[in-house]
Asks: 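After the structure tokens below, expect a handful of questions from me.
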Amino acid sequence: MTSTIQGLLQKLEDPKRPLLGPTIKWLKLYGLILPRTRKGKMIYLSILTVMGLFIISEYVDMIIMRNDVNHLLLNFKYSMLSSVNVIKVITMYAWHKHWMGIFKFTTRVDIERRNSPDPFYRETVRKYTKYCRIITYIYWFLGYCTVIMIVVQPAAKYLLSSTYRQNVKDGTEKFLEVVNSWTPFDKTTMSGYLISNIIQGVASLYSGGWITSYDTNAFVLMIFFRGELELLRRDCQSLFGTEENPVTKEEALKRIDHCHQRHNDILKYFRLFDSCLSPIMLLYVIVCSVMLCATTVQLTTESSAMQKLITFQYLMFGVSQVFIYCWHSNDVFYVSQDLMLGPYESYWFARTLSEQKNLHLLAGQLNKQIVLTAGPFSYINLATFINILKGAYSYYTLLN
């Protein structure tokens, strides 16, 4: 079993993209990166259109059932998250060139670090690659566990609860759906119910693929930028060599120029990455607060143990989703804040005044804030994560 899993994971690796291999393949599998063939593009664009229509049907169902608060809350949390997923795909298509530029820069720099003669570089890359794989596979597992539990819950409840089966037969309780959506046919018949559940199940599984592929791609890129900032600080520490082995003035100037250029490249591509991710993060901050609130309300009002388990799993996935974004963005921010210390950790005090002035200019360049944003309103960090939880709790108390 272990060898089979390792074999499957190995197939996700790409020698041309040692860091981004699994995430790029996942993005291509779910159509966030469109294939080059016209037929392939048409297939994925058709899927996006169908998914968009399905989400509209969820909102139609909410309008029809607006007087049922529990039904409204249940449908709202799924439809809002689905809407964010569709927007993710649309932005990936709209900013395809930007994303490709980020991927090319990341891959080029990552390969350079892996082939470096410096063992510290190679070890740092090995560590953050391993960490990327752990985060990616755990997130995929958690995401698909959540989606599968949502998909199988109607069948599981029907098989495990005799009371529910009797209530359905008596007509006192409706069939439980995977997610609530409007259909142009009658869902109260067995055939209509089965067809609608199959549609809802397939849509949920595909939406899960969008979530996991987009999010893990963002996580890996954040980890990469953090690693680059860490390596840049280390290079700044050796600008003038060591006390026993100092470098020449020309070599020191060359190293300062190299560190300056590297920092410019990091700033350029991180800001490009932030510009692509920032609108999605703004939606996350808004949607996740409401989603966590609705899930908590459902968790406290649900009587079925199985439903509570599924709701709790969904809540944990929602919390972890926001937390991982905030944690890694927070990590990048604090590493960038400490970056300017790198030049002053070098052997600068034994150098000439002109070299010290160049060092001071470099330190000023490095003293720039690098952090993800949620639109123009907020940074993505641990403080934001706590505010999201506070907001969700406030909405929860208000609804109660």
Side-chain angles (χ1 to χ4, degrees), residues 17 19-20 23-24 27 32-33 84-110 128 131-132 135-136 139 210-233 260-289 321-340 364-388:
R17 296 188 179 95
L19 180 65
L20 297 176
T23 51
I24 293 289
L27 288 170
L32 278 82
I33 296 178
V84 174
N85 288 335
V86 169
I87 294 170
K88 284 178 183 178
V89 181
I90 292 171
T91 56
M92 282 290 288
Y93 293 165
W95 301 321
H96 175 78
K97 288 183 179 179
H98 296 332
W99 282 109
M100 289 300 108
I102 295 165
F103 296 153
K104 286 178 182 177
F105 168 75
T106 304
T107 302
R108 175 178 59 79
V109 173
D110 177 62
Y128 74 60
Y131 178 66
C132 286
I135 285 288
T136 298
Y139 192 80
W210 280 349
I211 293 173
T212 53
S213 57
Y214 188 94
D215 289 351
T216 50
N217 174 63
F219 301 156
V220 170
L221 288 172
M222 282 190 278
I223 294 165
F224 163 77
F225 282 112
R226 189 221 186 264
E228 268 300 286
L229 290 169
E230 206 173 56
L231 292 173
L232 180 57
R233 179 177 176 179
H260 180 272
Q261 186 57 48
R262 277 183 63 188
H263 188 252
N264 278 339
D265 288 341
I266 292 171
L267 274 178
K268 174 185 174 182
Y269 285 98
F270 188 87
R271 286 171 178 171
L272 184 61
F273 172 57
D274 180 50
S275 69
C276 293
L277 204 62
S278 186
I280 302 299
M281 289 295 96
L282 178 60
L283 288 173
Y284 259 140
V285 170
I286 298 168
V287 169
C288 286
S289 299
Q321 189 178 34
V322 181
F323 175 75
I324 296 174
Y325 269 110
C326 292
W327 175 269
H328 288 106
S329 179
N330 194 75
D331 211 17
V332 171
F333 171 70
Y334 279 105
V335 173
S336 71
Q337 289 290 91
D338 293 340
L339 183 59
M340 69 166 292
Q365 159 72 17
L366 300 180
N367 189 24
K368 292 185 179 177
Q369 185 171 272
I370 299 179
V371 63
L372 287 177
T373 58
F377 305 107
S378 175
Y379 295 129
I380 301 299
N381 51 30
L382 290 180
T384 304
F385 174 71
I386 292 168
N387 288 333
I388 289 172

Asks: Less than 4.5 Å apart, side chain to side chain, heavy atoms only: is that true for I223 and Y131?
Replies: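 Yes. Closest side-chain heavy atoms under 4.5 Å.
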
Asks: Report the C-alpha separation of T23 and S213 in whole Å, then their side-chain angles, then the decisive distance to 0.1 Å, and conclude whether the side-chain contact (heavy atoms from CB on, under 4.5 Å) test is met.
Replies: CA-CA 6 Å; T23 51; S213 57; over 6 Å; no

Asks: Below 4.5 Å, heavy atoms only, C-beta onward: do Y379 and N330 meet side chain to side chain?
Replies: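 Of all side-chain heavy-atom pairs linking N330 with Y379, none is under 4.5 Å.
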
Asks: Going from CZ on F323 to CD1 on I386, what distance comes out if it is rounded to the nearest 0.5 angstrom?
Replies: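 Those atoms lie 9.5 Å apart.
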
Asks: Specify whether F273 and F270 have parallel, tilted or perpendicular ring planes, treating 30° as the upper limit for parallel and 60° as the lower limit for perpendicular.
Replies: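 The arrangement is perpendicular - the two ring planes meet at more than 60°.
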
Asks: For T91 and I87, indicate whether the former's side chain and the latter's backbone hold a donor-acceptor pair under 3.5 Å.
Replies: yes

Asks: Pair L277, I380 - check side-chain contact (heavy atoms from CB on, under 4.5 Å), show working.
Replies: CA-CA 11 Å; L277 204 62; I380 301 299; over 6 Å; no

Asks: Does the pair V332 and L372 meet the rule for a side-chain contact (heavy atoms from CB on, under 4.5 Å), with working shown?
Replies: CA-CA 9 Å; V332 171; L372 287 177; over 6 Å; no

Asks: Of all the heavy-atom pairs spanning Y214 and C276, show the shortest one and how long it is.
Replies: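 Heavy atoms only, the tightest pair is OH-O, 4.0 Å.
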
Asks: Compute whether any side-chain donor of one residue and acceptor of the other, for N367 and Q337, lie under 3.5 angstrom apart.
Replies: no

Asks: Could you state the interatomic distance from NE2 (H263) to CG (L267), rounded to the nearest 0.5 Å?
Replies: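 The NE2 atom of H263 sits 4.0 Å away from the CG atom of L267.
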
Asks: Taking atom types as modelled, is there a side-chain donor on D274 or T373 under 3.5 Å from an acceptor on the other?
Replies: yes

Asks: Starting at CD1 of I102, measure out to OG1 of T107 and round the result to the nearest 0.5 Å.
Replies: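 Spacing of CD1 (I102) from OG1 (T107) equals 11.5 Å.
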
Asks: Please indicate whether K368 has more than 12 foreign heavy atoms, meaning atoms of other residues, nucleotides or ligands, lying under 6.0 Å from its NZ.
Replies: yes

Asks: Using a 6.0 Å cut-off, check whether atom CZ of F105 has over 12 heavy atoms from anything other than its own residue.
Replies: yes

Asks: Determine whether more than 12 heavy atoms belonging to other residues, nucleotides or ligands lie under 6.0 Å from atom OH of Y334.
Replies: no

Asks: Keeping to residues at least two apart or across chains, list the salt bridge (Lys or Arg N to Asp or Glu O under 4.0 Å) pairs with something in residues 212-229.
Replies: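 Found K88-D215, R113-E228, R226-E230, R226-D331, E228-R262.
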
Asks: If only atom types and distance count, is the side chain of S278 paired as donor or acceptor with the main-chain N or O of S275 below 3.5 Å?
Replies: no

Asks: List the steps and the verdict of side-chain contact (heavy atoms from CB on, under 4.5 Å) for W99 and N217.
Replies: CA-CA 11 Å; W99 282 109; N217 174 63; 3.6 Å; yes

Asks: What heavy-atom pair brings P279 and W95 nearest, and what distance separates the two atoms?
Replies: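 The pair with the smallest heavy-atom distance is CG-CH2, 3.8 Å.
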
Asks: Taking the six-membered ring for Trp and the full ring for Phe, Tyr or His, determine whether the centres of F224 and H328 are under 6.0 Å apart.
Replies: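 Judged by ring-centre distance (under 6.0 Å), F224 and H328 do not meet the cut-off.
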
Asks: When rounded to the nearest 0.5 angstrom, what distance separates SG in C326 from CG in L382?
Replies: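 The CG atom of L382 is 6.5 Å from SG of C326, to the nearest 0.5 Å.
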
Asks: Mind checking the CG-OG1 spacing from L19 to T106? Nearest 0.5 Å is all I need.
Replies: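 The distance works out to 7.5 Å.
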
Asks: Do S329 side-chain atoms and Y325 backbone N/O form a donor-acceptor pair below 3.5 Å?
Replies: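 Not a single qualifying donor-acceptor pair exists.
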
Asks: So do the side chains of R271 and I370 get within less than 4.5 Å of each other, counting heavy atoms only?
Replies: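 In short, these two side chains do not touch, never coming nearer than 4.5 Å.
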
Asks: Flag the pair W210 / V84 as yes when at least one side-chain heavy-atom distance between them is below 4.5 Å, and no otherwise.
Replies: no

Asks: Ring centroid separation for Y139 and F219, is it under 6.0 angstrom?
Replies: yes

Asks: Any luck finding a side-chain donor-acceptor pair between T384 and N387 under 3.5 Å?
Replies: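 No, N387 and T384 have no side-chain donor paired with an acceptor closer than 3.5 Å.
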
Asks: Measuring from L229:CG to L366:CG, what's the distance to the nearest 0.5 Å?
Replies: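 Going from CG on L229 over to CG on L366, the span is 9.5 Å.
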
